[in-house]
Asker: 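Before I ask anything, let me first share the structure, which is written out below as structure tokens.
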Amino acid sequence: MENKIFIKTFGCQMNEYDSNRIYHSVKKIGFEKTEDLESANCYILNTCHIRDKAKEKVYHEIGRVKKVYRNKAKPIVVVAGCVAQAENQEMLKREPYIDIIIGPQSYHKINDLIKNLASKKQKEETEFDTISKFEYFDKIENKDNKVSAFLTIQEGCDKFCHFCVVPFTRGPEYSRSFHKIIIEAENLVKNGAKEITLLGQNVNAYSYKENSKEYRLSDLINHLEKYSELERIRYTTSHPRDMTEDLMDCYNSSKKLMPFVHLPIQSGSNKILKLMNRKHTVETYIEIYERLKKINPEIEFSSDFIISYPSETEADFNDTLDLVKKIKFINSFSFIFSPRPGTKAANLQLIDKEISKERLLEIQKQLFKHQLQMNNSLINKSIDVLVENKIDGQGKLFGRNKYMNSVIFEGDKKNIGKILKIKIDKVNQNSLFGKLEKKNKMRAA
Ligand code: SAM
Ligand code: SF4
């Protein structure tokens, strides 16, 4: 029987990148990717531990898989990612259906673990071995084949915000070799990528030293800029403290760096930022915003917010609301604080649930208002859209504008990979709808 592998991915883009690399790795031991769970004989769950109920989600998913395979041979079941890292032995004890537990820094060992499973013993790999992982990945060509591709350049974090599990699940900060990243980027472009998003838990902390030269994120952006076939460069997620001059200057010098900055602030209150151990203030954040707006007024911001962090008063919350009104973020993530085991904030006194829910609703109302205002401002405008794929069964194409908004329009799939002018005629909070401009039609004909 042919070996087929199915990966279900939760969480951030870094997990998506990892899943893609795992697909390429297991090819070496004869596994082909499948999108059909029932035809797989290896099932990988790539997990996220950032917020509550992460563990329960895993057991729920495994329960679902068990049902699918009730009358069939059991697949090899692998739990990967940050929940695997955090829970390791606990999961193997609680759920015998799981065969392998593998943490994010051990993916270079996945082929051996799968191959050697014949011994029928459950296996766990949760060492922090980032160097070996990337040395291994460097040897496997990253054929993402996508118009918009992800490239992880940095992993882990040394900042230890008091609410966050990342330093525990992804380990210490590590930056990949500049030259190896370039080789991977060249491969992606060769395979059709028109947009590359450089990824890291703190992507702008990227720092790789070789022969007494330090390579920073700005060096990578300046290098990618030279690839004639690459149209767009993005990076995420960045930290306000690492928003250095050289990086901000890229918004001046680069034509391909998109004018959209995802810069998490978490709270608009300095008191709360201090309690969170964020190592930046509201004022420094606003300085960055004003500086970038001066370089290019078209630049728009998005952010992450944690609502009802322990000790957040009504006044602190109102400071966050005021900040949202000032910056007019066009797209953001906001969640109620979720205590994570092992972090400094794990056992702090929580804010009342009802108050938290009300605050979340209020902040989201304000955030969505700006989002919709932004989208409405694009009606009747002709915007550049990078076409990513065809929407299944709809005869429509999907692409994104410079601010990452989804754009949906009718068109031929030969346009995938092109930047087209789309005239927007309808919007909702999350998407823009429009028509191909005539000029494009003539170009494509
Ligand atoms: N490194 C980025 C930074 O410092 O801004 C953020 C990376 S973190 C993986 C992604 C987001 O998850 C954070 O910005 C934060 O808003 C959210 N997050 C992390 N821990 C959380 C928690 N315990 N409760 C709620 N949200 C959390
Ligand atoms: Fe987590 Fe980001 Fe803070 Fe690091 S800087 S601990 S990844 S929130």
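When reading the values below, keep in mind they use all heavy atoms of this one structure, side chains included, and skip hydrogens, waters and symmetry mates. For ligands, and for the atoms within them, numbers begin at 1 and follow the listed sequence.
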Asker: Closer than 4.0 Å to some heavy atom of Phe163 - which atoms of ligand 2 meet that?
Answerer: 8 (S)
Asker: Quick check on Gln266 - does any of its heavy atoms sit under 4.0 Å from an atom of ligand 2?
Answerer: no
Asker: Suppose I only count heavy atoms of Arg278 and a 4.0 Å limit; which atoms of ligand 2 are within that range?
Answerer: 3 (Fe), 8 (S)
Asker: So, do Phe178 and Tyr206 sit near enough that their side-chain heavy atoms are less than 4.5 Å apart?
Answerer: yes
Asker: What class does the angle between the rings of Phe337 and Tyr309 fall in, given that below 30° is parallel, 30 to 60° is tilted and above 60° is perpendicular?
Answerer: perpendicular
Asker: Check for me whether Arg51 meets the cation-pi criterion with Phe335, that is, NZ or CZ under 6.0 Å from the six-membered ring centre and within 45 degrees of the ring axis.
Answerer: yes
Asker: Measure centre to centre between the rings of Phe329 and Phe305, then say whether the value is under 6.0 Å.
Answerer: yes
Asker: Using a strict cut-off of under 4.0 Å between a residue heavy atom and any atom of ligand 1, list the qualifying protein residues by chain and number.
Answerer: Ile50, Arg51, Phe163, Val166, Gln201, Asn202, Thr237, Ser238, His239, Pro264, Gln266, Arg278, Asp304, Ile306, Ile336, Phe337, Ser338, Arg340
Asker: Report yes or no: is the cationic atom of Arg21 (NZ for Lys, CZ for Arg) closer than 6.0 Å to the six-membered ring centre of Tyr107, at no more than 45° off its axis?
Answerer: no
Asker: Tally every protein N/O/S atom whose distance to atom 4 (Fe) of ligand 2 is less than 2.8 Å; waters are neither shown nor counted.
Answerer: 1
Asker: Can you confirm whether the side chains of Ser356 and Glu354 place a donor and an acceptor under 3.5 Å from each other?
Answerer: no
Asker: Between Tyr289 and Phe301, is the ring centre distance below 6.0 Å?
Answerer: yes
Asker: For a 4.5 angstrom cut-off between non-hydrogen side-chain atoms, does Ile330 reach Phe260?
Answerer: yes
Asker: Does the gap between the ring centers of Tyr215 and His179 come in under 6.0 Å?
Answerer: yes
Asker: Are the side chains of Val79 and Ile62 in contact, using a 4.5 Å heavy-atom criterion?
Answerer: yes
Asker: Ring of Phe10, cation from Lys57 - is the NZ or CZ under 6.0 Å from the centre and inside 45° of the axis?
Answerer: yes
